[in-house]
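Side chains included, hydrogens not; waters and symmetry mates left out as well; all remaining heavy atoms used.
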Amino acid sequence: MAERIEDYALLGDLQTAALVGRSGSVDWLPFPRFDSSSCFGALLGGREHGRWLLAPASGGPATTRCYREDTLVLESEWQTPEGRVRVIDFMPPRETKPDIVRIVEGLEGRVPMRTELVIRFDYGLVVPWVMRLDSRSLVAIGGPDGLLLRTPILLEPEGMTHAAEFVISAGDRVPFVLTWFPSHERRPDAVDPEQALVDTETFWRSWMGDCSYEGEHTEAVRTSLLILKALTYQPTGGIIAAPTTSLPERIGGGRNWDYRYCWLRDATFTLYALMNAGFIAEARAWRDWLLRSVAGDPERVQILYGVGGQRRVPEYELPWLPGYAGSAPVRIGNAAHEQFQLDVYGEVMDVLHQARVHGLDPDDHAWSLQTNLIEFLESAWDRPDEGIWEVRGPRRHFTHSKVLAWVAFDRAVQTVESVGLSGPGERWRRLRADIHEEVCREGFHSGLNSFTQSYGTDELDAATLLIPLVGFLPADDPRVLGTIDAIQKHLTRDGFVERYRTQERNDVDGLSGGEGVFLPCSFWLVDALQLAGRRADAEALFERLLSLRNDLGLLSEEYDPDEKRLLGNFPQAFTHVGLVNSAYNLSHHRGPMDQRSGADAAP
């Protein structure tokens, strides 16, 4: 059985990612890309679906673990009766032939170790053909995939796997390098594991050297920025939502989705965090990815794409995988790419506007794309849609969707007025005013004194917390204050925010069963409280959210307040973005919410 979600660490090379448990087992690794099939899939099943264990033979979780400062180089230490040992895990960023390197280091005494390599290609379905090249090399072939393991330790066959036991003494360093390659190509050259370690540390620290954050939560912010960078697909500039699929929103439930794709919404939130920390190159790369991906008819803009910009990411199930902790089905692909979601137009317009504000060099193609999107939105903003939460029930007039349609026109007007680019500013101003009037009339419930999830209902939605953050209304507007109060009273569990009510009736999203509290929404509440002048409440909630991070500073999408455990895909970009932006907003300078909304800096 897989470990608790919070017991995993992330390794990444800007092309794919691995999850390593406290046990020393790599339980998730798709090669060669984030959205490829896995060669280690025990996270969604068991040992038989692929894993790579490297730990003391006595077993048990690591006594301590940490990332080396400002890197994704993981150090896990075990204190055993025989001595103390460390395993150093990392994935060197490289252009081709991705690999994972593991170095065992003896610290004290003589510790018996065990390694167990269970390779299962195609999400645990394909048992590879394995052959020994020499005493230091094994190669595994299955269909298009090849893996080459190089190590001085001799692994022997054990059934349908390979394993070895050895003793590590103080001062010893024993490397293991596992490299992926296309099975039809020649085997990759050997990697020097010690040089790869130096290169990997240098890469991450050099990148982090550009970080401009100087607030009060440096460690949490810098770790979150590392995670966001690790979720960037370097060859194209695309940014994925999470490196995993089908980690459940409720243990045993069916709300299990594949997040290894590039959501326009998630990517724009990610870029706010990166740009405010000084990482403009990522904004430029993402803009270029965006222009390539959405090329064509603006009516056919998708809410998500593959890391290379591909449009087809069909959703299907893997019946041979039982799912994390029995949470089935396991899904690959995501049918939400076929949905119509109005809010992404506002997010794209906003992030491209913010990129200019942050000094990104102008691009005529980008403004051409924006004007085409706005032209389509002129005739589409009043349509019902599936909304930010990608409901699988009937389309509705979601309040948040309309607010973000207003954002799209507002940013277009700002660009014409402040940047001087050409466009029908007067017409856009009229549409902006029309949308604003409609939302305030149809989306506000006087009885609840709150904005609601959709027109004509009394259901609440945490997405309405964004109304002051995007500048739709000032934070001290009575309707905004009423919305904050209503959400705190009716849409929280143990002080953390739910997206919307799922347990009582599910006619909105078309799904059964409940879910955990949604951590990005809880960070939105931090921001809304801060803007509303309730700084003490904002700081208290922020500190509680920080306490939910695992020992390495990682957060998933959701949290179960009853079981006190993380839920959902892990780590989640949306959540770490919320952490970074809230940290900025609580700092004593202008933060992302002020720059987006044009509001005065909070006291």
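Between K402 and D382 there is no salt bridge, since no side-chain nitrogen of the basic residue lies less than 4.0 Å from a carboxylate oxygen of the acidic one. Using a 4.0 Å cut-off between charged nitrogen and carboxylate oxygen, D343 and R265 count as a salt-bridge pair. Electrostatic pairing of R493 and E498 counts as a salt bridge here, judged by a charged N lying under 4.0 Å from a carboxylate O. We find that R549 and E6 are not joined by a salt bridge, their nearest charged nitrogen and carboxylate oxygen being 4.0 Å or further apart. For the pair R222 and E219, the salt-bridge criterion is not met [side-chain N within less than 4.0 Å of a carboxylate O]. A salt bridge is absent between R395 and D385: the closest approach of a Lys/Arg side-chain nitrogen to an acidic carboxylate oxygen does not fall below 4.0 angstrom. Remark: R250 does not engage E558 in a salt bridge, criterion side-chain N to carboxylate O under 4.0 Å.
Annotation: salt bridge (Lys or Arg N to Asp or Glu O under 4.0 Å) contacts of R441 (sequence neighbours excluded): E437. In this structure, the ring pair (Phe, Tyr, Trp, His ring centres under 6.0 Å) partners of F518, at least two apart in sequence or on a different chain, are W389. By the ring pair (Phe, Tyr, Trp, His ring centres under 6.0 Å) test, H337 is found to be paired with no residue, residues two or more places apart in sequence or in another chain being considered. Applying the side-chain hydrogen bond (donor to acceptor under 3.5 Å, both in side chains) rule to T244 yields the partners N569; only residues at least two apart in sequence or on another chain are considered. Remark: D434 engages no residue in a salt bridge (Lys or Arg N to Asp or Glu O under 4.0 Å) (not counting sequence neighbours). Applying the side-chain hydrogen bond (donor to acceptor under 3.5 Å, both in side chains) criterion to D35, with sequence neighbours excluded, gives R33, Q310. Listed by chain and number, the residues in a salt bridge (Lys or Arg N to Asp or Glu O under 4.0 Å) with E282 are K229 (sequence neighbours excluded). Contacts of S224 classified as side-chain hydrogen bond (donor to acceptor under 3.5 Å, both in side chains), with partners at least two apart in sequence or in another chain: H576. With sequence neighbours excluded, no residue satisfies salt bridge (Lys or Arg N to Asp or Glu O under 4.0 Å) with E557. With sequence neighbours left out, T415 forms a side-chain contact (heavy atoms from CB on, under 4.5 Å) with H353, R356, W367, V419, L421.
Checked by atom type, the side-chain pair Y272/D350 shows a donor-acceptor distance below 3.5 Å. Between the side chains of N256 and S327, no donor N or O sits under 3.5 Å from an acceptor N or O.
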List the steps and the verdict of side-chain contact (heavy atoms from CB on, under 4.5 Å) for L377 and L431.
CA-CA 10 Å; L377 199 58; L431 283 166; over 6 Å; no
Steps toward side chain to side chain donor-acceptor pair (under 3.5 Å) verdict (D258, N334):
CA-CA 6 Å; D258 193 348; N334 201 302; over 6 Å; no
Does the pair E438 and Y455 meet the rule for a side chain to side chain donor-acceptor pair (under 3.5 Å), with working shown?
CA-CA 10 Å; E438 180 184 286; Y455 291 176; 2.8 Å; yes
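Ring geometry for H436 against F472 counts as parallel: the plane angle stays under 30°, on a 0 to 90° scale with 60° as the upper cut.
Of the possible polar contacts, none joining the D461 side chain to the T464 backbone as a donor-acceptor pair under 3.5 Å is found. When atom types are taken as modelled, the side chain of D560 and the backbone of K564 share no donor-acceptor pair closer than 3.5 angstrom. Side chain of S379 to backbone of F376: a donor-acceptor contact under 3.5 angstrom is found. Judged by distance alone, the side chain of T236 and the main-chain N or O of V307 form a donor-acceptor pair under 3.5 Å. Side-chain N or O atoms of T483 include one that pairs as donor or acceptor with a backbone N or O of F451 at under 3.5 Å. Looking at S401, its side chain never comes within 3.5 Å of a backbone N or O of H397 through a donor-acceptor pair. S212 places a side-chain N or O within donor-acceptor distance of the main-chain N or O of A277, the cut-off being under 3.5 Å. For the pair S293 (side chain) and L290 (backbone), a donor-acceptor distance under 3.5 Å is absent.
Heavy atoms only, all atoms of each residue included: C262 and G306 are closest at SG-O, 4.0 Å. Across all non-hydrogen atoms, the minimal contact from V480 to P468 is CG1-CG, 3.8 Å. L566 and L548 get closest at one heavy-atom pair: CD2-O, 3.9 Å. Nearest heavy-atom pair, I5 versus S556, reported as atom, atom and distance to 0.1 Å: CG2-CB, 4.4 Å.
Rounding to the nearest 0.5 Å gives a distance of 10.0 Å between CG of L226 and CG of L10. With values rounded to the nearest 0.5 angstrom, Y261 atom OH is found 8.5 Å from L304 atom CG. The line from CZ of F398 to OH of Y500 is 8.0 Å long, rounded to the nearest 0.5 Å.
Considering only heavy atoms from C-beta on, Y305 stays 4.5 Å or farther from V313 through its side chain. Two residues are said to be in side-chain contact when any heavy atoms from C-beta on lie closer than 4.5 Å; L586 and E216 fail this criterion. Inter-residue side-chain proximity for L466 and H400 is flagged as met; some heavy-atom pair is nearer than 4.5 Å. Taking the side chain as every heavy atom from C-beta outward, Q341 and I303 approach each other to under 4.5 Å. Annotation: side chain of V391 is not in contact with side chain of R396 (no heavy-atom distance under 4.5 Å). Residues F523 and N581 fail the side-chain proximity criterion, which asks for heavy atoms closer than 4.5 Å. Residues T452 and L448 form a side-chain contact, since some pair of their non-hydrogen atoms from C-beta on lies under 4.5 Å apart. The side-chain heavy atoms of E338 and Q302, taken from C-beta on, include no pair separated by under 4.5 Å.
Sequence neighbours left out, the pairs with a member in residues 467-477 that pass salt bridge (charged side-chain N to carboxylate O under 4.0 Å, His left out) are D477-R479. Applying the salt bridge (charged side-chain N to carboxylate O under 4.0 Å, His left out) test to residues at least two apart or on different chains, the pairs with a partner in residues 302-317 are E315-R331, E315-R392.
The aromatic ring centroids of Y213 and Y584 lie less than 6.0 Å from each other. Aromatic ring centres of F570 and Y8 lie farther apart than the 6.0 Å criterion allows. Residues F279 and W207 place their aromatic rings such that the two centres sit under 6.0 Å apart.
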